Amino acid sequence: PVNPGIKEGELRANRYAVLLIVYDLTPRSAYSWGIIEQQSWVFALAILFAVAALYLFARIHILRPAILLQKTMQRIGSGDFSVRENILGQGEFKDLDNELAQMAHQLNEHRQGVEESTARLKQLTEASLEAIVFHENGVVIDANSMAEQLYAVKPGGLIGSSILDLIAEHHRALIRQ
């Protein structure tokens with residue numbers, strides 16, 4: 001209802017009218033759908049950009065350090081203790097890199113100690129006038145020069161042979177027990 005207003009001389013209007021307005025919403029609807037479609041494309045591009053940024057971030061800050069640490073561990077496992085990958089930044093990957101470097105340094109020190117100990121043992125066995133044979137599971141893995149002279153073989157000739165072959169036959173049964 002619409003109040004048509006007061007006519008001249010009336011104190012109050014007793015008339016009412018109905019105003020009927022007809023809208024054609026087709027252009028407005030098309031415009032609104034156009035805006036919604038445009039906003040959908042912007043939203044899709046924003047999501048695509050966010051996914052690309054997350055992938056790039058993960059690649060640089062997660063995958064790259066993980067791959068470098070994996071390569072470092074493989075090189076340490078193969079005996080290269082001088083390896084050091086400098087992972088930039090801070091956090092768990094940097095801490096892990098520092099721990100790997102420390103572990104590699106300790107392993108290198110232990111390896112050098114074992115090599116020195118092995119060299120001293122070799123010197124002692126070579127200085128001995130007794131035949132000395134080392135075996136593992138009954139297979140000769142090392143022997144000094146006196147053992148090679150005793151069995152009349154070339155240097156290194158005892159390596160790989162059975163320890164039982166070096167024992168007199170009448171004692172082999174006792175050794176097997």
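Computed from a prediction, not measured in an experiment: that's the story for all the values here. When a residue number appears, it is its place in the shown sequence, counting from 1. These values consider heavy atoms only, across backbone and side chains, with no hydrogens, waters or symmetry-generated copies.
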| request: Verify side chain to side chain contact (heavy atoms under 4.5 Å, CB included) between V139 and I163, making sure each step is shown before the conclusion. | output: CA-CA 6 Å; V139 178; I163 193 75; over 6 Å; no
| task | Let me see the working for S145 and E126 under side chain to side chain contact (heavy atoms under 4.5 Å, CB included), right down to the final yes or no. | result | CA-CA 6 Å; S145 58; E126 288 302 320; 2.8 Å; yes
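A continuous path of hydrophobic side-chain contacts links I141 to I132 [ILVMFWY only; heavy atoms under 4.5 Å]. Residues I60 and L68 are members of separate hydrophobic clusters, defined by side-chain heavy-atom contacts under 4.5 angstrom among Ile, Leu, Val, Met, Phe, Trp and Tyr. Cluster annotation: I47 is not connected to Y55 through the hydrophobic network of ILVMFWY side chains, with a link wherever side-chain heavy atoms come within less than 4.5 Å. M73 and M103 fall within the same hydrophobic cluster, where Ile, Leu, Val, Met, Phe, Trp and Tyr residues are linked whenever their side-chain heavy atoms come under 4.5 Å apart, directly or through other members.
In this structure, F81 and R111 have side chains that are in contact, with non-hydrogen atoms separated by less than 4.5 Å. Side-chain contact between I35 and Y31 is present, with at least one heavy-atom pair separated by less than 4.5 Å. Contact annotation: the side chain of P65 never approaches that of I62 to less than 4.5 Å [non-hydrogen atoms, C-beta and beyond].
At distances below 3.5 Å, not a single donor-acceptor pair connects side-chain atoms of R59 with backbone N or O atoms of R64. Remark: side-chain polar atoms of N144 are paired, donor with acceptor, to backbone N or O of T125 under 3.5 angstrom. For S117 (side chain) and G113 (main-chain N/O), no donor-acceptor pair under 3.5 Å exists by modelled atom type.
Counting heavy atoms of neighbouring residues, nucleotides and ligands inside a 6.0 Å radius, atom NZ of K71 does not exceed 12 of them. No more than 12 heavy atoms of other residues, nucleotides or ligands shown are found within 6.0 angstrom of CD on E37.
Here the CG atom belonging to N98 is positioned 13.5 Å from the CZ atom belonging to F93, to the nearest 0.5 angstrom. H105 NE2 to L100 CG: the interatomic distance, rounded to the nearest 0.5 Å, is 14.5 Å. The CG atom of L166 sits 8.5 Å away from atom CZ of R172, with the distance rounded to the nearest 0.5 Å. Rounding to the nearest 0.5 angstrom, the gap separating the CD1 atom in I76 from the CG atom in N108 is 10.5 Å. Atom CG of N137 is separated from atom OG of S162 by 11.0 Å, given to the nearest 0.5 angstrom. Atom CD in E116 sits 13.5 Å away from atom CG in L121 (nearest 0.5 Å).
Pairing each heavy atom of A147 with each of A131, the nearest pair is CA-CB, 3.5 Å. When every heavy atom of M146 is checked against every heavy atom of E130, the shortest pair comes out as CB-O, 3.5 Å. The two residues I167 and H171 come nearest to each other via the heavy atoms CG2-CB, 3.8 Å.
For the residue pair S78 and D80, no side-chain donor N or O sits within less than 3.5 Å of a side-chain acceptor on the partner. Q106 and H110 share no side-chain donor-acceptor pair at under 3.5 Å.
When each of D142, L158, I159 is paired with F134, the side-chain contact (heavy atoms from CB on, under 4.5 Å) condition holds for D142 and for no other.
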